[in-house]
Amino acid sequence: MRLKNYSLAFFIVPLTLLGQNNETVKEVVTVKRVITNNGQNITISEQQATEQIKGTVVVAGDSIVNQSATERSIQVIDTINAQQQKIKDSVNQAKVAQLKAAREAELKASIEAQKAKAEAQKKALEAQYQKQLEALEAQRKALMKKPDNKG
């Protein structure tokens, strides 16, 4: 019987004393995904932020009447870079090359059209200049002709 009482006192009493403290844990995990696009290269990085608030409710006082509870808490914030991936965007690269080729072809066509237009204007101006020269030559001949004074 004595052994039973001692074992009860030895095991049960410490458990009741430890039973007065309650621990609270609040954990918030935030995963942030950042995508960076630099033309051909795409970088995907994930950051995992863990915010953990650990609290302990401590009951002070030994009798039921004058007990008071206080909470002590510790806040821990931890950020880790969970994953980073670099991708070469070949589809985007192909589209960029295709767009460049199309713009270059368009530019060449535009340059050729401008050259043809300039050549046509040059021919028209040369023809106009030749007509003016012929008209001047005819006028000069008409002025150089001696009048007939017969009469």
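Note: R33 CZ to E46 CD = 5.0 Å, rounded to the nearest 0.5 Å. Distance check: E112 CD to Q114 CD gives 11.0 Å after rounding to the nearest 0.5 Å.
Applying the salt bridge (charged side-chain N to carboxylate O under 4.0 Å, His left out) test to every pair with at least one member in residues 116-129, sequence neighbours left out, gives no pairs at all.
Of the candidates V34, I35, N37, I44 forms a side-chain contact (heavy atoms from CB on, under 4.5 Å) with just one, namely I35.
For the side-chain contact (heavy atoms from CB on, under 4.5 Å) test, residues two or more places apart in sequence or in another chain that qualify with K26 are V28, I53. Applying the side-chain hydrogen bond (donor to acceptor under 3.5 Å, both in side chains) test to E27 and every residue at least two apart in sequence or in another chain returns Q52.
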Side-chain donor-acceptor pairs of residues 131-144 under 3.5 Å, sequence neighbours excluded:
from, atom 1, to, atom 2, distance (Å)
E137, OE1, R140, NH2, 3.4
E137, OE2, R140, NH2, 2.5

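Counting only heavy atoms from C-beta outward, the side chains of E51 and T30 never approach each other to under 4.5 Å.
Residue I111 belongs to a hydrophobic cluster whose other members are L107, with links defined by side-chain heavy atoms closer than 4.5 Å.
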